[in-house]
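Structure first, then comments.
Side chains are part of it too, since the values below use all heavy atoms of this structure and drop only hydrogens, waters and symmetry mates.
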2 protein chains.
Amino acid sequence: MFAHSMLRPISNDRCALHSCSVCRDASPELRAELERLGRLRICRRGETVVGEEEDTPFVGNVVSGVLRTQKTLHDGRQQIVELLLPGDMFGRVFAHTSRVSIEAASNVTLCCFGRAGFEAVMARFPELEHRMLLSIMEELNAAQDWILLLGCQTVTERIASFLLILRRRALRPCAAAATPGAFPIIRVPICRRDMAAYLGTTVESISRTIQEMARRGVLRIIDPQNFEILDERRLSLLSGRDATEKPFEHVATRRASIA
Amino acid sequence: MFAHSMLRPISNDRCALHSCSVCRDASPELRAELERLGRLRICRRGETVVGEEEDTPFVGNVVSGVLRTQKTLHDGRQQIVELLLPGDMFGRVFAHTSRVSIEAASNVTLCCFGRAGFEAVMARFPELEHRMLLSIMEELNAAQDWILLLGCQTVTERIASFLLILRRRALRPCAAAATPGAFPIIRVPICRRDMAAYLGTTVESISRTIQEMARRGVLRIIDPQNFEILDERRLSLLSGRDATEKPFEHVATRRASIA
DNA sequence: GAAGGCCCTTGCTCCAGATCAAAAGGCAGG
DNA sequence: CCTGCCTTTTGATCTGGAGCAAGGGCCTTC
């Protein structure tokens, strides 16, 4: 029987992340160091990489697939706090116990670094520590954006925002190479249940809202995980984040104003 | 007429934060450096320290009072993303434009550092950069905790959690000195409108919920900003975060289970 | 000391979205 | 191929909390 996850050293042509993760722009010495430390690991969908309140033996980045980091209340309610796509880092340096559980939302390939080893490299390469600082600041920006989304946007706005975020990610240089020419198609890499846990709503509401968007001609449902964007302008308006939308003068409320 | 905010150098006995902010445990040289760079600034309630999408000329920490960092949607809906209490840092190093607006939720005293100057000190003192990394990681933890709160907790749970967080902050060593012996009293340093914008709800819901808690004997309302905790155990249960609460086996839903 | 603004509270109404229920399709394992 | 499980969708119902309105108290400004 195989171990339920496999570890192996990174051979030069394995980790395709050199151009878009911690390794990007790293000096040759640092890159060599990281390559020596890194181990590829494959996890199947549903597998837990790090448990909540558990020790975090390693950090790393996602090579392919999607990780979810989530928190669970004692009565079982769950909230996905972050989705980690290829190129994103997972795990926290200097943090002995994880404040979230990290699970595979799809089959994933990870590039893992032992936490102690990684910290040692950080101590020797200030450029790495600096890069980590910037990376965590970016993560904080995203988290604060999510707070806005959960705190005062409707389910429709959340879903539209989510689709647009996925789209922007897919159009980023290093990801675009992976899905060439698929311009108006958005691929949602997670199931409805995970979408619900991420967006702070339920599978039923998501299903209804997306079907409604399709009826209104905003998008076409190719299959439950793939949509063709028919009217990006309108999707952007639905997201409530459109910059061209004129500010209203009336008193702000918690709910969206009637569109 | 006075400038609407005043700047002055920190004299040795002015900034009381040596023991609990960036300065804590700083080497004497670093501390001297920061003291030379720091300027005290006083802002009145409602004043904007840094506007959304504006340039951030400085970073710093809160000496007294409360700052709120908030985001605004184009139709005017607002969400407070963070409350910064004495000892907390505001502003982002290396970030040229702010992603939030930073405003005084009460009269505040700030200790400000020019951003460029602070970054220069960081470059010379790795211990400072490291401390910043840890500080931002802590901020990220708090933000992710807030995502859980907004994503799947009821208004009652949010309020109870908020009160308990304030309580824990007030009991922390360096803050406790400021309010000695005030054990069962929670002071809420912000108005209902800010509470609502922070907790993702409305002033009416907050008012009703707190009154209900008082009717049930969980707390006593001394005045709208001061509460005496009568039953901490029950408050903790209401927060939905009590560790002793037994996990249910039934299917988890988005709503709280009937208590 | 009068006026205007906030701030907080409370009653009433209404609705977005959660919950409950059920059915159909797909996939993995035996 | 059958069985069981999971995913997605759709319909029907219910409710937590938002919206609206109004009243009283306090503070600041003129």
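In this pair, Phe162(B) and Tyr198(B) present their aromatic rings perpendicular. The plane angle is above 60°, beyond the 30 to 60° band.
The minimum heavy-atom distance linking His74(A) with Arg241(B) is given by the pair CE1-O, 3.6 Å.
Using a 4.0 Å cut-off between a side-chain N of Lys or Arg and a carboxylate O of Asp or Glu, Arg216(A) and Asp231(A) do not qualify as a salt bridge. Salt-bridge annotation for Glu157(B) and Arg77(A): present, with a side-chain N of the basic residue lying under 4.0 Å from a carboxylate O of the acidic one. Checked for salt-bridge contact, Glu53(A) and Arg99(A) miss the test: no charged N lies under 4.0 Å from a carboxylate O.
Rounded to whole Å, the distance from CD1 on Ile221(B) to C1' on dT10(C) is 13 Å. Ile159(B) places its CD1 atom 14 Å from the C1' atom of dT9(C), with the value rounded to the nearest Å. Remark: C1' of dA16(C) and CZ of Arg77(B) are 13 Å apart, rounded to the nearest angstrom. Atom pair Glu212(A):CD and dT9(D):C1' shows a separation of 14 Å (rounding to whole Å applied). When rounded to the nearest whole Å, the span between CG of Leu199(A) and P of dA18(C) equals 11 Å. In this structure, Met213(B) atom CE and dT9(C) atom P are separated by 13 Å, rounded to whole Å.
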- request: Would you give a per-nucleotide map of nucleotides 18-30 of chain D, 5' to 3', where B means the base has a protein non-hydrogen atom under 4.0 Å away, S means only the sugar-phosphate does, and - means neither?
  value: SBB----------
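Here the straight-line distance linking atom OG of Ser101(A) with atom CD of Gln78(A) works out to 7.0 Å at 0.5 Å rounding.
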field: Worked check of side-chain contact (heavy atoms from CB on, under 4.5 Å) between Phe227(A) and Ile185(A)
entry: CA-CA 6 Å; Phe227(A) 310 107; Ile185(A) 307 294; over 6 Å; no
Under 3.5 Å, which N/O atoms of the protein pair with N/O atoms of nucleotides 5-8 of chain C?
unit_1 : atom_1 : unit_2    : atom_2 : d
dC7(C) : OP1    : Arg45(B)  : NH2    : 2.4
dC8(C) : OP2    : Arg192(B) : N      : 2.7

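Side-chain atoms of Arg39(B) never come within 3.5 Å of backbone atoms of Cys112(B) as a donor-acceptor pair (strictly under, hydrogens ignored).
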